[in-house]
Structures are given as structure tokens and as C-alpha cells.
A.B. asks: 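If you scroll down you'll find the structure; I have some questions about it.
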Amino acid sequence: LWPTVTTARSFLMMGIPGLEALHHWISIPFCALYFMALLGNCMILVIIKKTRSLHKPMYYLLSMLAVTDLGLALCTLPTTLGIFWFNIRRIAFDACLTQMSFIHMLSLIESSVLLAMAFDRFIAISYPLRYQSILTKTTVIKIGLAIILRSVLSFLPVPFLLKRLTYCKKNELSHSFCFHADIMKLACADIKVNLFYGMIILLSTVGMDFFFIALSYILIIKTVIGLVTKDECLKTLNTCVSHICAVLIFFTPMIGLSIIYRFGKNIPPLVNTLVAYTYLIIPPALNPIIYSIKSSHMRGAFLRALRRKS
């Protein structure tokens, strides 16, 4: 028999299981990561806006990535630090659905932006003479709007699918933020529709994005192999290093978390928690550093901005 069922009014969020006594100390590296994410992405947006030489498709797409990363950081910051600092665990059902929707939609947007950036690198390397005519400012704006529309429409039914469910008396989530799979598992009703729709979203958005990113790099490698000298090959591939790093730090924990939720019933809760934090906090914190270090244009603009301030 199921436990007592009810219409969910609130959930209890979880910090890091087994380390509750150390939450105040654990909050220090989390604060550092959030600070890096907020400061780094804001600086990228300001530098791109103020530097005319960076008003190019590649950097417009980088701006989209920075805005998305800011959104992801701001989505999880209040509840995560609320638990670590003040042990505020309770979140209203509607507030949880709102946070979940923003987290998942922004994740879908980030996946799509990374695909658009892979397309940008493919055009720049394979068709350099047609690059400016293919990726115009208008085209980039249309790509951005299409990405937002695709993400919102894909995830829009999910909150309504969760609202129709009844929930068990147990209302404890696995993280300090709300995930679709986490909320769904607390339901006492049949969740086959939710599982099926969640899998369809994952495969048709993130799965397709990852496939086409991999395809883009296969075509890029094919083009690079045809270059005359080894130096040309390395110089061309070097323009892709930042993007490859961004793809790896985003997709690796996302795929890991999906596998854990579907097949990892015997995996310790601590592993699940750490993978979730890696997925949502590490990319926003590291992406600005990766692009600042590897992009000479970004690095130069950043140094010029510092010199002007001093």
C-alpha cells in the first residue's frame, strides 16, 4: 500500500547528505564558485558590449552562453546558500516547480547554444570566405530566438504533468534545488507519462544537440586534415579548444546525472548530490575562465579594460 497521499503543498530540500554539520564550511567553496560565475559572466558581457572588435557571431553566441550561465547560477544560489547558511529547507510546491522549470529550460538553452557555437566553428573553419555572409547579426538573433522558443515549448507541459499527480507523505528532495526526476519520484500516482515525456525531451533536445556537435567536429577534423602544414592544423584546432572544454564540462555531468536517475538505484546519495552540483554550478563558474584564457581577443580586451580602469 502507498503511504498517505496528498496534493503537495511544499517539499523539503536536502544539502549534502551525511555532512550537515559541516554545511557552514562547505558553503565557502560554493560561495567562491557562485562569485566566479556571477563576476566572470558579467565581465564577459560587459567586455563584448564595449569592444567593437568583438561584435562578431562567435562572441554574440558567447554572450548567449554567459547570460544562460548567469541564469543557471541565480536559479540555484538562493536555495543552496539558504540551506548551507540558515538551514532553510522548505520550499512551496509552486516555487519548486518554478525553479525546476527555469533550471531545465536554461539547461536546454545552454545545450542549444553550445550546438550553435559548434556550427559557428564549423562554418569558420570549413567555409571561411562565406562565414560573414552565412552568420550575419540577423541570423544569430534568429538562432537565439529559435533556441529560446524550442526550450520553452519543449518543457512547458512538464509543470502541468507534475501538478496532476498526487504525492506521498514523504516530501524530501535529494538536492538543494528542484529537479523534474526528483519531484516525480515522490509521486504516488502512475508516472509513466512523465517518464516517457521526459525521455522524449532529453533525446530530442540534448541528445540531438550532442549528436550534431559531435558531427560538426567530425567535419571540422575532416577539413583540418586537408590543410597543408602541421602548424596550420594546430592553429585551426586551437580555435576550438575553449568550445570543446565547455561542451565536456556541461554534457559529462548532465549525462552522468541522467544515468544515475534512471539506473543508479544503489549509488550512494553523496555521489548523486556531487554530480548534480557539478552539472549546475561548475560550467557557469569555469566557462568565463576557459574563454578568457584560450581566446586571445577576449584576453586582450580584458587587459585593455583593466588598464583603462587603472
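This structure is a prediction, so every number in the text was calculated from the model and none was measured.
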A.B. asks: Any chance you could measure F210, atom CZ, to I213, atom CD1, to the nearest 0.5 Å?
C.D. replies: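 CD1 of I213 is found 7.5 Å from CZ of F210.
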
A.B. asks: Donor-acceptor pair, distance only, cut-off 3.5 Å: does the side chain of S133 make one with the backbone of R130?
C.D. replies: yes

A.B. asks: Counting C-beta onward and ignoring hydrogens, is there a side-chain heavy-atom pair between L70 and C42 closer than 4.5 Å?
C.D. replies: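 Contact flag for L70/C42 side chains = yes.
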
A.B. asks: Show the atom names and distances, to 0.1 Å, of all donor-acceptor pairs under 3.5 Å that link a side chain in residues 277-285 to residues at least two apart or in another chain.
C.D. replies:
| from | atom 1 | to | atom 2 | distance (Å) |
| --- | --- | --- | --- | --- |
| Y277 | OH | S176 | OG | 2.8 |
| T278 | OG1 | L274 | O | 2.7 |
| Y279 | OH | S107 | OG | 2.7 |

A.B. asks: Go through the steps for F93 and S10 under the test side-chain contact (heavy atoms from CB on, under 4.5 Å), then give the verdict.
C.D. replies: CA-CA 5 Å; F93 181 66; S10 64; 5.9 Å; no

A.B. asks: May I ask whether L45 and L114 are part of the same hydrophobic cluster, defined by side-chain heavy atoms of I, L, V, M, F, W, Y residues being less than 4.5 angstrom apart, directly or through others?
C.D. replies: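 Linked, L45 and L114 end up in one cluster.
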
A.B. asks: Inspect the surroundings of CZ in F102 and state if more than 12 heavy atoms from other residues, nucleotides or ligands are less than 6.0 Å away.
C.D. replies: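 Count not over threshold, so no.
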
A.B. asks: Going hydrophobic residue to hydrophobic residue with side-chain gaps under 4.5 angstrom, can you get from M199 over to F251?
C.D. replies: no

A.B. asks: For the side chain of Q99 and the backbone of C178, is there at least one donor-acceptor N/O pair under 3.5 Å apart?
C.D. replies: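 Yes; judged by distance alone, with no hydrogens or angles, the pair exists.
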
A.B. asks: Flag the pair V158 / L97 as yes when at least one side-chain heavy-atom distance between them is below 4.5 Å, and no otherwise.
C.D. replies: no

A.B. asks: My understanding is that only residues two or more places apart in sequence, or in another chain, count here; which of them pass disulfide bond (SG atoms under 2.5 Å apart) with C75?
C.D. replies: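 Disulfide bond (SG atoms under 2.5 Å apart) check on C75 returns nothing, list empty.
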
A.B. asks: Run the numbers on M100 and L162 for side-chain contact (heavy atoms from CB on, under 4.5 Å), then give the verdict.
C.D. replies: CA-CA 11 Å; M100 174 207 70; L162 288 172; 3.4 Å; yes

A.B. asks: Taking L12 as the starting point, is it possible to reach L19 by hopping between hydrophobic residues whose side chains are less than 4.5 Å apart?
C.D. replies: no

A.B. asks: Without placing hydrogens or testing angles, list every side-chain donor-acceptor pair under 3.5 Å for residues 139-157, not counting sequence neighbours.
C.D. replies:
| from | atom 1 | to | atom 2 | distance (Å) |
| --- | --- | --- | --- | --- |
| T139 | OG1 | I134 | O | 3.4 |
| T139 | OG1 | T136 | OG1 | 2.8 |
| R150 | NH1 | S112 | OG | 2.6 |
| R150 | NH1 | D209 | OD1 | 3.1 |
| R150 | NH1 | D209 | OD2 | 3.1 |
| R150 | NH2 | S204 | O | 3.2 |
| R150 | NH2 | T205 | O | 3.3 |
| R150 | NH2 | D209 | OD1 | 3.2 |
| S151 | OG | I109 | N | 3.4 |
| S151 | OG | I147 | O | 2.9 |
| S154 | OG | R150 | O | 2.6 |

A.B. asks: So, for F86 and H23, is the gap between ring centers shorter than 6.0 Å?
C.D. replies: no

A.B. asks: Hydrophobic clustering (ILVMFWY, side-chain heavy atoms < 4.5 Å, transitive) - are I16 and V271 grouped together?
C.D. replies: yes

A.B. asks: Using modelled atom types and a 3.5 Å cut-off, is there a donor and acceptor pairing between side-chain atoms of R121 and backbone atoms of C240?
C.D. replies: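 Looks like no, no N/O pair under 3.5 Å.
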
A.B. asks: Checking T76 against Y34: is there a side-chain donor and acceptor pair closer than 3.5 Å?
C.D. replies: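 T76 and Y34 do have a side-chain donor-acceptor pair below 3.5 Å.
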
A.B. asks: For the residue pair R89 and F11, establish whether any side-chain heavy-atom pair is separated by less than 4.5 Å.
C.D. replies: no

A.B. asks: Under a 4.5 Å cut-off applied to non-hydrogen side-chain atoms, are K56 and L135 in contact?
C.D. replies: no

A.B. asks: Could you check whether any side-chain N or O of E20 sits under 3.5 Å from a backbone N or O of G18, counting only pairs where one atom can act as donor and the other as acceptor?
C.D. replies: yes

A.B. asks: For residues M58 and Y131, determine if any side-chain heavy atom of one lies less than 4.5 Å from a side-chain heavy atom of the other.
C.D. replies: yes

A.B. asks: Do L62 and L54 touch side chain to side chain, with heavy atoms closer than 4.5 Å?
C.D. replies: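 They are not in contact (no side-chain heavy atoms under 4.5 Å apart), so the answer is no.
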
A.B. asks: Is the number of heavy atoms from other residues, nucleotides or ligands within 6.0 Å of CZ (R52) greater than 12?
C.D. replies: no

A.B. asks: Between H175 (side chain) and G15 (backbone), is there a donor-acceptor pair under 3.5 Å?
C.D. replies: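 Not a single qualifying donor-acceptor pair exists.
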
A.B. asks: In the single-linkage hydrophobic clustering (I, L, V, M, F, W, Y; side-chain heavy atoms under 4.5 Å), do L234 and V241 co-cluster?
C.D. replies: no

A.B. asks: If only side-chain N and O atoms count, and only distance matters, is there a donor-acceptor pair under 3.5 Å linking H243 with Y217?
C.D. replies: yes

A.B. asks: Anything under 30° is parallel, anything over 60° is perpendicular, the rest tilted; go ahead and classify F122 against F119.
C.D. replies: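 The rings of F122 and F119 sit tilted, inter-plane angle from 30° to 60°.
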
A.B. asks: I'd like to know if the side chain of H24 reaches the main chain of W85, judged simply by a donor and an acceptor atom lying under 3.5 Å from each other, with no hydrogens or angles considered.
C.D. replies: yes

A.B. asks: If you define the side chain from C-beta out and look only at heavy atoms, does anything of P288 sit under 4.5 Å from M43?
C.D. replies: no

A.B. asks: When you compare the side chain of F179 with that of L257, does any pair of heavy atoms fall below 4.5 Å?
C.D. replies: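 With C-beta onward as the side chain, the pair touches.
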
